[in-house]
Amino acid sequence: MRPAAVTAPVLRETELKIPADPSAMAMARITGRTMLTVLGWPGSVHAAVDVLGHLVDNAVTHGLAPGRTQPAEELRAWLRVTEAGELVIDVADPNPQFADFDAAAGGTLGRGLWHVQHHGAQLSWFLSSDAAGKTVRATMTAEGVTT
């Protein structure tokens with residue numbers, strides 16, 4: 001496990017509740033684009049929305065037990081803008097394990113987290129306080145890579 005990235009104090013934040021179903025990635029992108037505009041993050045909203053979408057898609061694909069999802073189950077995500085102009089994107093899921101984090105982030109095991117890093121995001125993950133789940137964190141700067 002990589003420790004959570006250290007960030008500057010948070011100025012503005014919002015929480016997103018996203019249905020834990022196949023619509024999650026699209027819903028995260030739509031809601032995320034709106035909320036990033038409201039939060040006034042000066043970086044690439046397009047890149048940030050792509051990062052959020054990939055993190056949510058990974059949470060649905062790998063963070064939920066097959067057949068476990070209830071009709072009203074939601075994933076939680078947070079968008080935070082820091083004093084230093086960073087954007088911190090946290091996506092929580094109920095699976096406390098992430099055995100192949102380095103391989104996933106390096107692109108040798110899937111491409112989702114590789115795409116996240118391709119946008120200049122620094123990745124980390126940590127267990128929830130009760131160890132019943134985890135949060136994957138992407139930290140972006142306003143000057144991050146946006147290809």
Side-chain angles (χ1 to χ4, degrees), residues 1-10 13-36 39 41 43-82 84-147:
M1 174 174 23
R2 289 186 189 171
V6 177
T7 63
V10 173
E13 68 181 308
T14 191
E15 180 180 357
L16 309 176
K17 294 182 181 177
I18 303 158
D21 62 29
S23 72
M25 185 177 196
M27 290 301 296
R29 288 174 183 263
I30 292 166
T31 307
R33 181 172 301 282
T34 302
M35 295 317 300
L36 284 167
L39 291 172
W41 185 57
S44 170
V45 171
H46 175 75
V49 166
D50 197 40
V51 167
L52 174 63
H54 281 295
L55 293 181
V56 167
D57 188 50
N58 277 0
V60 169
T61 304
H62 305 291
L64 301 173
R68 180 191 170 283
T69 305
Q70 302 300 319
E73 189 170 14
E74 295 177 321
L75 292 172
R76 294 173 59 199
W78 296 265
L79 302 173
R80 296 178 177 100
V81 177
T82 70
E86 299 167 313
L87 175 66
V88 179
I89 303 170
D90 286 337
V91 177
D93 69 56
N95 183 350
Q97 300 176 350
F98 204 145
D100 297 319
F101 178 80
D102 290 329
T108 59
L109 182 66
R111 302 300 270 173
L113 294 184
W114 178 86
H115 283 290
V116 167
Q117 291 192 113
H118 188 67
H119 284 298
Q122 299 297 311
L123 285 169
S124 60
W125 73 280
F126 52 93
L127 293 174
S128 61
S129 60
D130 62 2
K134 70 175 173 300
T135 298
V136 177
R137 173 172 287 175
T139 304
M140 302 176 72
T141 63
E143 299 82 31
V145 178
T146 59
T147 58

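Quick note: residue numbers are just sequence positions, from 1. Note that this is a predicted model, so its numbers are computed, not measured.
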Subject >> Summary of salt bridge (charged side-chain N to carboxylate O under 4.0 Å, His left out) pairs that have at least one residue in residues 115-128, sequence neighbours excluded >> reply: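 Pairs touching residues 115-128 that pass the test: none.
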How close do [X] and [Y] get, heavy atom to heavy atom, and via which atoms?
X      : Y     : value
Gly85  : Trp41 : O-NE1, 2.8 Å
Ala92  : Trp78 : CB-CZ3, 3.8 Å
Gly53  : Met25 : O-CG, 3.5 Å
Lys134 : Gly63 : NZ-CA, 4.4 Å
Ala132 : Pro96 : O-CD, 4.1 Å
Ala20  : Leu75 : CB-CG, 4.1 Å

Is the shortest heavy-atom distance from the side chain of [X] to the side chain of [Y] under 4.5 Å?
X      : Y     : answer
Val88  : Val10 : no
Thr135 : Asp93 : no
Asp50  : His54 : yes

Subject >> Rounded distance (nearest 0.5 Å) linking atom NE2 of His46 with atom CG of Leu36 >> reply: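 Going from the NE2 atom of His46 to the CG atom of Leu36 covers 12.5 Å.
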**OP:** Starting at CG of Leu123, measure out to CD of Gln117 and round the result to the nearest 0.5 Å.
**Re:** 4.5 Å
**OP:** Please say which of Ile89, Val56, Leu87 ends up in a side-chain contact (heavy atoms from CB on, under 4.5 Å) with Val51.
**Re:**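 When Ile89, Val56, Leu87 are each tested with Val51, the side-chain contact (heavy atoms from CB on, under 4.5 Å) holds only for Ile89.
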**OP:** Under the salt bridge (charged side-chain N to carboxylate O under 4.0 Å, His left out) rule, collect the residues that match up with Arg80, sequence neighbours excluded.
**Re:**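 Scan of Arg80 (salt bridge (charged side-chain N to carboxylate O under 4.0 Å, His left out), adjacent residues dropped) gives Glu13, Asp90.
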**OP:** Check salt bridge (charged side-chain N to carboxylate O under 4.0 Å, His left out) between Arg76 and all other residues, then give those that pass, not counting sequence neighbours.
**Re:**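 Glu15.
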Original post:
How are the rings of Phe101 and Trp125 set to each other: parallel, tilted or perpendicular (split at 30° and 60°)?
Top reply: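 Tilted, since the angle between the ring planes falls between 30° and 60°.
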If the condition is side-chain contact (heavy atoms from CB on, under 4.5 Å), which residues does [X] pass it with, not counting sequence neighbours?
X     : value
Pro19 : Asp21, Ser23, Met27
Ala26 : none
Thr61 : Asp57
Ala77 : Leu16, Ile18, Leu52, Val91

Restricting to side-chain hydrogen bond (donor to acceptor under 3.5 Å, both in side chains), what partner residues turn up for [X], sequence neighbours left out?
X     : answer
Gln97 : none
Thr14 : none
Thr31 : none

